[in-house]
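Index from 1, following the sequence.
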Amino acid sequence: MNITQPLALLGALSPQQFMRRHWQKKPLLVRQAIPGFEALLDRTALFALASSDDVESRLVVHGPKGWQMRGGPFARRALPPLKQPDWTLLVQGVDLHVQAADDLLQQFRFVPEARLDDLMVSYASDGGGVGPHFDSYDVFLLQAQGRRHWRIGWQKDLTLQEGVPLKVLANFVPEQEFVLDPGDMLYLPPRYAHDGVAIGECMTYSIGFRAPSRAELARELLQRLAEQAGDAAGLALYRDSGQPAVDSPGRIPARLHDFAQRVLQAALADPLALPRALGEYLTEPKPHVWFDAATAPRRMGCLALDRRTRMMFDDHHVFINGESYHASGRDAALMQQLADRRCLAAHEVRRASKGAVALLASWCEAGWLHEDGAAAL
Ligand code: SIN
Ligand code: CO
């Protein structure tokens, strides 16, 4: 992607300008971000997804009993009638199931893949919405079908209503409002308050991002480092043949303290251990993601990553679906192309070393990579 070229998607800003001026800073309303946009799946297809065990969905109803929320899966008859106002169905991770939804997400790859999360589709009956709230992550809200009235505000008071099963702001003070038509899009930075209410039946797509918390990163990285260090050091136990008798048995021995410190230092001694753990963590497939094993093509031509595959790289590794490979030279450049573009042309594959071709073949067998064209199936 040319990051200096103005895009209709970003209201004639280039990705570079958008990231500098708006990302994590201030909202952007784009009229006709995708001119003539039509919903990528209809209501029936969305309801079918929401009935699957492998898809995360929520139903929010606002009625005489206040706000109510339930988690899916939902059989069709478990959803309220279409004529009933004020309800909304939210379906997460639609890009994992619908190729066109994944294609849409690809338009936002001017943001690092490590930050891209998923496409959530909401269906709302007239008046439906999830109430005034703020999200912890950046979001692009693309109007897919029907119209939605948005009110937004940069408010400081983030107190939530009590006793409500979802996060609804207690004192929402909107500063701006707009009605979005199909193809219009609103970008909101994290913690920007917003409230979208359907005007008639409507569908909205949320292009969502993820950002690891410190606690999550520490937990995930330490666990991976421990596994790597355990593999390297075997199951070496703490030994204390010189331990004298103690008259204060409650005290933790200083020697055990030192042992713990050495264990942690050893886990980080390899300068590549942390980047490796980070890449493996960031490319771990989401829960409920399964790949269909396949046979590798006999002669490899154009290749494309499966839409569920996560692939990234750093200076020393390529990472794919939670696995890391040390890579250097021409093969590393090829794998980096694959991670960036998610596909390789036949002439690029032909230039790969035998080892790289074998690796690509094994990824095809795992269902992570397909001959291009098959990727769309
Ligand atoms: C929705 O699509 O109903 C909710 C999206 C949001 O407000 O984040
Ligand atoms: Co929101």
Salt bridge Arg341-Glu348, side-chain N to carboxylate O under 4.0 Å: yes
Heavy-atom check, side chain of Asp181 versus side chain of Arg148, under 4.5 Å: no
Minimum side-chain heavy-atom gap Leu90-Tyr123 below 4.5 Å: no
Gln92-Arg58 side chain donor-acceptor pair, cut-off 3.5 Å: yes
Gln5 versus Ser14, side-chain donor and acceptor atoms under 3.5 Å: no
Nearest non-hydrogen partners of Tyr325 and Leu359, listed with the distance: CE2-CD1, 3.5 Å
Polar contact flag, side-chain donor to acceptor under 3.5 angstrom, Tyr137-Asp117: no
Contact list for residues 182-194, test salt bridge (Lys or Arg N to Asp or Glu O under 4.0 Å), sequence neighbours left out: Arg31-Asp184
Exercise: do Thr4 and Gln16 side chains pair donor with acceptor under 3.5 Å: no
His133 side chain to Asp195 side chain, donor-acceptor N/O pair below 3.5 angstrom: no
Donor-acceptor side-chain pairing of Thr159 and Asp157 below 3.5 angstrom: yes
Residues that Ala45 engages under side-chain contact (heavy atoms from CB on, under 4.5 Å), provided they are two or more places apart: Leu41, Asp42
